[in-house]
Amino acid sequence: MQQDLRSVEVDAESVIRSITPALDLTRHKGQAGKIAVIGGCREYTGAPYFAAISALKIGADLSHVFCTKDAAPVIKSYSPELIVHPVLEESYSVREEDKKIISSKVLAEVDKWMERFDCLVIGPGLGRDPFLLDCVSEIMRHARQTNVPIVIDGDGLFLVTNNIDLVSGYALAVLTPNVNEYKRLVEKVLSSEVNDLDATQQVLSLAKKIGGVTILKKGKSDLISDGDTVKSVSIYGSPRRCGGQGDILSGSVAVFLSWARQHIKAADSNSNLSCENPAVLGCIAGSAMMRKAASVAFSHKKRSTVTGDIIECLGKSLEDICPAT
Ligand SMILES: NC(=O)C1=CN([C@@H]2O[C@H](COP(=O)(O)OP(=O)(O)OC[C@H]3O[C@@H](n4cnc5c(N)ncnc54)[C@H](OP(=O)(O)O)[C@@H]3O)[C@@H](O)[C@H]2O)[C@@H](O)CC1
Ligand SMILES: Nc1ncnc2c1ncn2[C@@H]1O[C@H](COP(=O)(O)OP(=O)(O)OP(=O)(O)O)[C@@H](O)[C@H]1O
Ligand SMILES: [Mg+2]
C-alpha cells in the first residue's frame, strides 16, 4: 500500500525525549553508550573524527576509532577524548603472502572489544582499498554474530552495495546513504532508477528487499524505512552543505539507536512510542538532532558554517529538547 509523504512526518522531538536516558548519579561509565567508528585512512581523517566526537557530544560515555596506522596519530591529535586503535592496513603496506595473517590479526584486535560496544559506525573516511574492505567485511560478520548494531555510511555503503549479503536480513543494521550512495543502492538492489516522485514507496521497497534493514535516505527531507513503515524528518536544517554533516549524523544515530534499545528493553508495555524498532527510532532522533544543530550553527555563522561549528551546537540542541536536569 502506498503512503502519502505528508502523512509520515514524525514528532522527532518527542522520540528524542522518550529515548534519551536521564542523567542519574547511580549510573556508571559506559551505561550511556560505548560506540566504535571503523574508518579513517590515508586520505580521510576528518570523517571518523566527526562521527566519533559527535557520539560523545550527544552523550555517549566512550568513543573508539579503529583506523589505519597512518591515520591514527592524526586523529589522536584532534582530540584526547577519543580512543584510537591503529589496526587497519591498506594493500600498499601488506605483502601478498602476509595478507591472511594480517587479516586475522586485524580481526582479533577488533574482536577483543566487540562485545563491549553498543553500536559500530562503519565507513566514515574508510576509503576503498580492497584488502582493507575485505577485513571490514569480516568485522561486519562478527558484529552480526554478536548482535552488535551497525550503522553503515560513506565507503561502508560502497562495500555493502557490492556485497548486500553482509547486511541482508539483519534488523540491527542501518544504512545512511546520501544522494549518490542511494542511487547506487537502488540501481544495484532494485535494478531501477531513483524515483523522486514516489520516494516513500521506493525507500520502503528497498528496505524490504534488503530484509528489513533500516534505511535513512538523506536529503531535503530525511526518509527512514525498515520495510514496514516510512517516517520523514523535515525539521528546518541549514542551507550550507559543507562536507562532514553526514558523519555527524552517523555518530548521532549510533548513540540514539543504543539508547532506544535500552529504553525498549527497560520499558513496560505502556511505552508511548508509536514504533518499536530501535533502528528507526535512532534514525529519527539522529536526523532531528543533526538538522537542529545545523540550523543553530547556521544562525550564528551563516556562509562560514563548517562541520565543527555544527558539532559545537549538538549539546545545546539536545538540551533545548531534553534538559539535563
Ligand atoms: N573531512 C573528511 O575527512 C570527510 C570525508 N568524507 C568521506 O569521504 C569519503 C567519500 O564520501 P563522499 O561523500 O565524498 O562520497 P560520494 O558523495 O559518494 O562521492 C562523491 C564523488 O567522489 C567519488 N568517490 C568518492 N570516494 C571515492 C573513492 N574512495 N575512490 C574513488 N572515487 C570516489 C564518487 O564516485 P562514484 O563512487 O560515484 O564512482 C563520487 O563521484 C567517505 O569515506 C566519507 O566518509 C566525507 O564524509 C566528507 C568529510
Ligand atoms: N537539502 C537539504 N536540506 C536540509 N538538510 C539536508 C539537505 N541535504 C542533506 N541534509 C542534511 O544534512 C545531513 C547530511 O546529509 P548529506 O546528504 O550532506 O550527507 P553526506 O553527503 O553523506 O555528508 P558527508 O559530507 O558527511 O559525507 C543529513 O542529516 C541531512 O538531513
Ligand atoms: Mg557521507
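Both ligands and their constituent atoms are indexed starting at 1 by order of listing.
For ligand 1, the atoms lying closer than 4.0 Å to a non-hydrogen atom of N178 are 13 (O), 17 (O). Using a 4.0 Å cut-off to heavy atoms of G123, the atoms of ligand 1 that qualify are 43 (O). Residue R291 approaches ligand 2 through these ligand atoms, each under 4.0 Å from one of its heavy atoms: 4 (C), 5 (N), 30 (C), 31 (O).
Between G243 and ligand 2, no pair of N/O atoms sits closer than 3.5 Å. Residue Q245 has at least one N or O atom closer than 3.5 Å to an N or O atom of ligand 2. Not one N or O of V179 is nearer than 3.5 Å to an N or O of ligand 2, by distance alone.
With a 4.0 Å heavy-atom cut-off, ligand 2 is reached by the backbone of D247 and by its side chain too.
Ring planes of Y49 and Y78: perpendicular class, angle over 60° (limits at 30 and 60°).
Every heavy atom of G237 sits 4.0 Å or more from the atoms of ligand 2. Using 4.0 Å as the threshold, R184 has a heavy atom nearer than that to some atom of ligand 1.
The residues D320 and K292 are annotated as salt-bridged, a charged nitrogen and a carboxylate oxygen being separated by less than 4.0 angstrom.
Atom 6 (C) of ligand 2 has its nearest heavy-atom neighbour, among K220, R241, M289, K218, in R241.
What sits closest to atom 4 (C) of ligand 1 on the protein, heavy atoms only, is A47 CB, 3.8 Å.
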